[in-house]
Amino acid sequence: MIVKGARVLDGSANAMMKGKGTEDDRPWQSYHTVYTTAKAGMELVDKEKVQRVVYEMSKGSKYFQNEERKEAFIKQKIDNLRIQCANLTQEDLAHYQKVADRRIVELEASRDLSRIWLHVDMDAFYAAVETLSNPTLKGKPMAVGSMSMLSTANYEARKFGVRAAMPGFIARKLCPELIFVPTDFKKYTYYSDLTRKVFGRYDPNFIAGSLDEAYLDITEVCRERNVKSEEIAQELRAGVYEETGLTCSAGVAPNRLLAKVCSDINKPNGQYVLPNDRMAVMTFVSSLPIRKIGGIGKVTEHILKGVFGINTCEQMLEKSSYICAFFSQSTADFFCSVGLGLGQTDSPQVRFRKSISSERTFSATKDEVLLHKKLEELAEMLSADMQKEGLSGRTLTLKLKTASFEVRTRAVTLQKYISSSEDILKHAKKLLQAELPISVRLIDYESSHLCLICASITNIFILLGLRVSQFNGDKCSAKSDPTQKTITNFITSGDVNRNCSSFPDVADHDFVSNAETDMSIDSRQTGQLDWRDPFDGNYLSDVDYQSCTVQKSDGVEEVQTSSNDATSSHYSGLTEVLGSTSYLGQVEGINVKNGSNLLEDERLDSCCQEKTMLWLNDYKCSLCGIELPPSFVEERLEHSDFHLAEKLQKEESSIHQKSVPSQSKGQKDGVTRQSKSKKQKLSQKEGSYTPIDYFFVKK
DNA sequence: GCGGATCAC
DNA sequence: TATGGTGATCCGC
């Protein structure tokens, strides 16, 4: 079980090398979509071709750029982790190996092989239902969804690489004869109810994950009728087919996590039984790719593979010392339990929903009137949904997505519980207002230096969303919350809603959150690593890279930069200020009347003590003479932004010359550029710095 | 308590 | 032309 650091690095180095030499010739290979992930019915797909088509259809788009940006962050995370990995001493490794071994023994002790779980999953459910109601679709490639997004595709379509979560216009490129059918949830709910009647025969307390899948504890049925689980699965699937005319697949295993994996093995219209035997489980898990495990998605897979060379569940155990060294206890426990083939086996209790939300995507706009109208509609939809369920809550969260696919959330927690559309809208408006174009923010009055410039220029949005949480009647104390699980509970018990169709079952990968543990203390004693904070090193660059985005063609999205006097102590103060600044947007901003730009401008003036731009005769810019009538409100705002930014740029560069001597290298592109932000560790002696000029040079 | 990220369906 | 909506959880402030 002892692993040499060098081996890990070699493994990941090899993994990195694979795609590299061909990247220039075949750029699509470096675009990691989720679409090519192996799915049932797609074994024979020409993955290279699909990858190429997806790439060709996507490249250059805002969506694509955002994906590239995200991938760059992950890559950097991986690089950072690999470096930290290499810096682990033999003593560190020996220590973490001990920690890991102890934990694995504890987890093993919690193994429960007494229950038999069955996971049933309808085959291409929506597509199958549509084919039932329109048999002419049979045998033809078909997908349910729109040109923007597909919910599912039938098996004929999957042969072309078409699959759920793929945009329709790409699917059509892959399969020109693809038939599109719009979603019809009433129909799916009707058939879902029929399947659930069948499920109820085998476990009246079955757990409905979504419309098309469920977990059943068939321990009692097997015992009472003295039949094998395999027969129950056969019978259940036959029953479903009889009642609905739809096929499904089933997986049987000692716990829910494995049952879910098993139901995928012989899809469609098949089943797989994993016996309640430890050896059988360990063998099964040994070669199982980690991505098959619920809770391990694209990013986690990428990181585990790239940093530690982990591909299979078995390797989770082989690399357990590294896992314990770099991940939080709850995460490490989850990963190790995956390596042991452990999962939840309990009969969960009822769980209540914790939030309710409504969101809509629309064509890009920065029109405040339009945005407010959308917000109003959302508030009404949300309020209606809440009243249907008799809910009221005190935390309201606004979600925004910019035209560059950057997602932001802004929340406020109120004194009283709200549920009416008027109340929701009132507070939502304040949250939104604080996000609408604010010309310039200038921070750090204490320092004589101009410390931070945060110029937020025109924002273009493509999505608004509202969410209410902290419901009236919720237990708010985390300590007394019975749903808070210890790790032992995590493995041996659980609390998933039963028969509650509106909730996905996410309990299989619930993590535990224990603030203080043996492990955390141990790791601190080593003084080498913060085991709870593996990714922190680049979280920063994440933030900074985003803020470095400048889009000239569609208007500038957002510009942020910072300068400093290059002492870490000062950074501390600066980051504090920055933190409170973004907070300002939601707290102070709410209390500020419309036209909070005034406030910002006043600050700027008091700080810079320079002349402010005026509209001469309410018509002409006093600084450059450009003519803009008063009715051009937005254009005027943008124009004043421009002058403010220009002014700050001058100020900035003069300060920069005086007090910021050092520059970081490697600023060829946005990915490698770094500057300080509130989430960065302050331990680094020297911070990178991006001159504000960068943002304003003409391209 | 807030905000970003990840994940599942 | 064009890449969703709902809900949950975790982590680090």
Side-chain angles (χ1 to χ4, degrees), chain A residues 33-35 54 57-58 61-64 66-67 70 73-74 77 121-122 125-126 145-152 164-173 183 185 209-213 260 291 293-303 327-328 330-331 334 351 353-364 381-382 385 394-395 397-399 401 405-413 462-463 465 467 469-470 476 478 483 496-497 502-513 515 530 532-536 539 542-543 546 575-576 579 582-583 585-587 678-681:
Chain A
T33 58
V34 294
Y35 313 131
V54 171
M57 297 295 287
S58 301
S61 69
K62 290 280 167 61
Y63 174 84
F64 180 85
N66 192 249
E67 290 299 299
K70 289 195 292 185
F73 297 153
I74 295 165
K77 270 180 194 173
D121 197 330
M122 302 301 295
F125 185 53
Y126 297 176
S146 68
M147 276 306 173
S148 299
M149 186 56 59
L150 301 182
S151 292
T152 190
M166 179 181 274
F169 68 93
I170 294 178
R172 193 176 54 182
K173 191 81 173 180
T183 50
F185 278 98
S210 58
L211 284 180
D212 76 326
E213 64 177 285
K260 167 111 173 118
R291 187 65 161 84
I293 301 295
I296 297 182
K298 190 181 84 166
V299 174
T300 309
E301 177 193 32
H302 205 140
I303 289 168
F327 295 101
S328 71
S330 56
T331 304
F334 173 64
R351 222 169 25 166
R353 78 149 78 223
K354 293 186 169 133
S355 73
I356 187 165
S357 68
S358 191
E359 67 183 56
R360 286 295 175 276
T361 299
F362 41 79
S363 48
M381 283 193 286
L382 183 56
D385 289 348
R394 54 191 281 262
T395 298
T397 306
L398 171 74
K399 179 174 167 182
K401 197 189 279 181
F405 287 84
E406 178 207 352
V407 175
R408 299 177 201 157
T409 60
R410 297 291 178 261
V412 63
T413 298
I462 61 171
L463 175 142
R467 180 169 78 246
S469 50
Q470 297 253 40
C476 51
T483 66
V496 179
N497 51 299
S502 57
F503 283 41
D505 176 5
V506 293
D508 272 337
H509 53 273
D510 263 0
F511 291 144
V512 189
S513 180
D530 181 355
R532 294 194 271 191
D533 196 15
F535 300 153
D536 202 79
Y539 192 92
D542 184 279
V543 174
Q546 283 188 0
T575 53
E576 272 305 309
S582 41
Y583 199 63
Q586 38 174 308
V587 177
K678 65 171 179 175
K679 298 217 175 183
Q680 184 162 24
K681 283 267 191 264

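Below, read A as the first sequence line, B as the second, and so on, with proteins coming before strands; counting in each chain starts at 1. Side-chain atoms are counted along with the backbone in the values below, which use heavy atoms only and exclude waters and symmetry mates.
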Trainee: Separation of A:I74 atom CD1 from B:dA5 atom C1', in whole Å?
Mentor: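 A:I74 atom CD1 is separated from B:dA5 atom C1' by 10 Å.
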Trainee: Ignoring backbone atoms, establish whether A:S148 has a side-chain N or O less than 4.0 Å from OP1 or OP2 of C:dT3.
Mentor: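 No, outside the criterion.
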Trainee: Tell me whether the side-chain N/O atoms of A:K354 come closer than 4.0 Å to OP1 or OP2 in C:dT9.
Mentor: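 Answer yes for this pair, as a side-chain N or O of A:K354 is under 4.0 Å from OP1 or OP2.
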Trainee: Measure from the side chain of A:T300, starting at C-beta and using heavy atoms only, and say which of C:dC11, C:dT6, B:dT6 lies closest.
Mentor: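 That would be B:dT6.
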Trainee: Assuming nearest nucleotide by heavy-atom distance, tell me which of A:I462 and A:S355 is located more 5' along DNA chain C.
Mentor: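 With A:I462 and A:S355 compared, the 5'-side residue is A:I462.
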Trainee: So what does A:R360 touch, heavy atoms closer than 4.0 Å: a base, only the sugar-phosphate, or nothing?
Mentor: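 Sugar-phosphate: the residue A:R360, judged by heavy atoms under 4.0 Å, touches backbone atoms but no base.
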Trainee: Measure the spacing between OG1 of A:T361 and CD1 of A:I462 and express it to the nearest 0.5 Å.
Mentor: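 Here the interatomic distance stands at 6.0 Å.
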Trainee: Quantified in whole Å, what is the P atom distance between nucleotide B:dA8 and nucleotide C:dT3?
Mentor: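 Here B:dA8 and C:dT3 have their P atoms 23 Å from each other.
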Trainee: With rounding to the nearest 0.5 angstrom, report the CG to OH distance, A:L150 to A:Y35.
Mentor: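 With rounding to 0.5 Å, CG (A:L150) is 9.0 Å from OH (A:Y35).
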Trainee: Using a heavy-atom cut-off of 4.0 Å across all strands, would you classify A:S146 as base, sugar-phosphate, or nothing?
Mentor: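 Nothing, no heavy atom under 4.0 Å.
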Trainee: Need one value for A:K70: base, sugar-phosphate or nothing, where a base atom within 4.0 Å counts as base even if backbone is also close, heavy atoms only.
Mentor: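 A:K70: no heavy atom of the nucleic acid under 4.0 Å.
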Trainee: Starting from C1' on B:dG4, measure out to CZ on A:R410 and report it in whole angstrom.
Mentor: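 To the nearest whole Å, that distance equals 10 Å.
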Trainee: At 4.0 Å (heavy atoms only), tell me whether A:T397 reaches a base, stays on the sugar-phosphate, or touches nothing.
Mentor: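 No contact at all - A:T397 keeps every heavy atom at 4.0 Å or more from the nucleic acid.
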Trainee: Of the nucleotides B:dG1, C:dA2, C:dG7, which has the atom closest to the A:R353 side chain?
Mentor: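 The closest nucleotide is C:dG7.
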Trainee: Has A:K77 got a side-chain N or O lying under 4.0 Å from the OP1 or OP2 atom of C:dC11?
Mentor: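 Answer is no, no contact under 4.0 Å.
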Trainee: What is the distance, to the nearest angstrom, from the NZ atom on A:K401 to the P atom on B:dG4?
Mentor: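 Taking NZ of A:K401 and P of B:dG4, I get 14 Å after rounding.
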Trainee: So A:F334 and A:I293, do their side chains get closer than 4.5 Å, heavy atoms only?
Mentor: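 In short, these two side chains touch, coming nearer than 4.5 Å.
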Trainee: Compare the minimum distances between each of B:dG1, B:dC2, C:dG4 and the side chain of A:T395, then state the nucleotide with the smallest one.
Mentor: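 Side chain of A:T395 sits closest to B:dC2.
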Trainee: Select base, sugar-phosphate, or nothing to describe what A:S61 touches, counting heavy atoms under 4.0 Å on all strands.
Mentor: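 The answer is base, as A:S61 lies within the cut-off (heavy atoms under 4.0 Å) of a base atom.
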Trainee: Select one nucleotide: of C:dC11, C:dT9, C:dG7, the one nearest the side-chain heavy atoms of A:I356.
Mentor: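 Nearest to the side chain of A:I356 among the choices is C:dG7.
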Trainee: Whole-Å distance between B:dG4 C1' and A:F405 CZ?
Mentor: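 A:F405 atom CZ is separated from B:dG4 atom C1' by 18 Å.
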Trainee: Between B:dG1, C:dT3, C:dC11, which one does the side chain of A:T413 approach most closely?
Mentor: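 Nearest listed nucleotide: B:dG1.
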Trainee: In terms of side-chain heavy atoms of A:K399, which of C:dG4, B:dT6, C:dT6 is nearest?
Mentor: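 Among the listed nucleotides, the one closest to the side chain of A:K399 is C:dT6.
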Trainee: From C-beta outward on A:R351, which listed nucleotide comes closest to its side chain: B:dT6, B:dG4, C:dT9?
Mentor: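 The closest nucleotide is C:dT9.
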Trainee: Please report the interatomic distance OG(A:S58) to CD(A:E67), rounded to the nearest 0.5 Å.
Mentor: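 The distance works out to 8.5 Å.
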Trainee: Could you tell me how far apart A:N66 (CG) and B:dT6 (P) are, to the nearest whole angstrom?
Mentor: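 One finds 11 Å between P of B:dT6 and CG of A:N66, rounded.
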Trainee: Report which part of the nucleic acid A:L150 touches: base, sugar-phosphate, or nothing (heavy-atom distance under 4.0 Å, all strands).
Mentor: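 No contact.
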Trainee: Could you work out, with salt bridge (charged side-chain N to carboxylate O under 4.0 Å, His left out) as the rule, every residue matching A:K401, not counting sequence neighbours?
Mentor: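 Salt bridge (charged side-chain N to carboxylate O under 4.0 Å, His left out) check on A:K401 returns nothing, list empty.
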Trainee: Mind calculating the distance between CD1 (A:I303) and P (C:dC11) to the nearest angstrom?
Mentor: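 That distance rounds to 13 Å.
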Trainee: At under 4.0 Å between heavy atoms, what does A:E67 touch on the DNA or RNA strands: base, sugar-phosphate, or nothing?
Mentor: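 Nothing: the residue A:E67, judged by heavy atoms under 4.0 Å, touches no strand.
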Trainee: In this structure, how many angstroms lie between the P atom of C:dG5 and the CD atom of A:E359, rounded?
Mentor: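 Nearest whole value for this atom pair: 6 Å.
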Trainee: Rounded at 0.5 Å granularity, tell me how far CG in A:L382 sits from CD in A:E359.
Mentor: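 Taking CG in A:L382 and CD in A:E359, the distance rounds to 11.0 Å.
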Trainee: Tell me what A:I293 touches on the nucleic acid: a base, only sugar-phosphate, or nothing, going by heavy atoms under 4.0 Å.
Mentor: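 Sugar-phosphate contact only.
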Trainee: Go through the structure and list residues passing side chain to side chain contact (heavy atoms under 4.5 Å, CB included) with A:S355, not counting sequence neighbours.
Mentor: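 Result, side chain to side chain contact (heavy atoms under 4.5 Å, CB included) vs A:S355: A:R467, A:S469.
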Trainee: Measure from NZ on A:K62 to P on C:dT1 and round the result to the nearest Å.
Mentor: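 It is 16 Å, rounded to the nearest whole Å.
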Trainee: Hey, does the side chain of A:S151 come within less than 4.0 Å of B:dC9's phosphate (OP1/OP2), counting only N and O?
Mentor: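 No, no such contact exists.
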Trainee: The side chain of A:L463 is closest to which nucleotide in this list: C:dG5, B:dG4, C:dC11?
Mentor: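 So the nucleotide nearest the side chain must be C:dG5.
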Trainee: Closest to the A:S358 side chain: B:dG4, C:dT9, C:dT6?
Mentor: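 Of all the options, the side chain of A:S358 is nearest to C:dT6.
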Trainee: What's the closest nucleotide to the side chain of A:M149 if the choices are C:dC11, C:dG4, B:dC9?
Mentor: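 Between C:dC11, C:dG4, B:dC9, the one nearest the side chain of A:M149 would be C:dG4.
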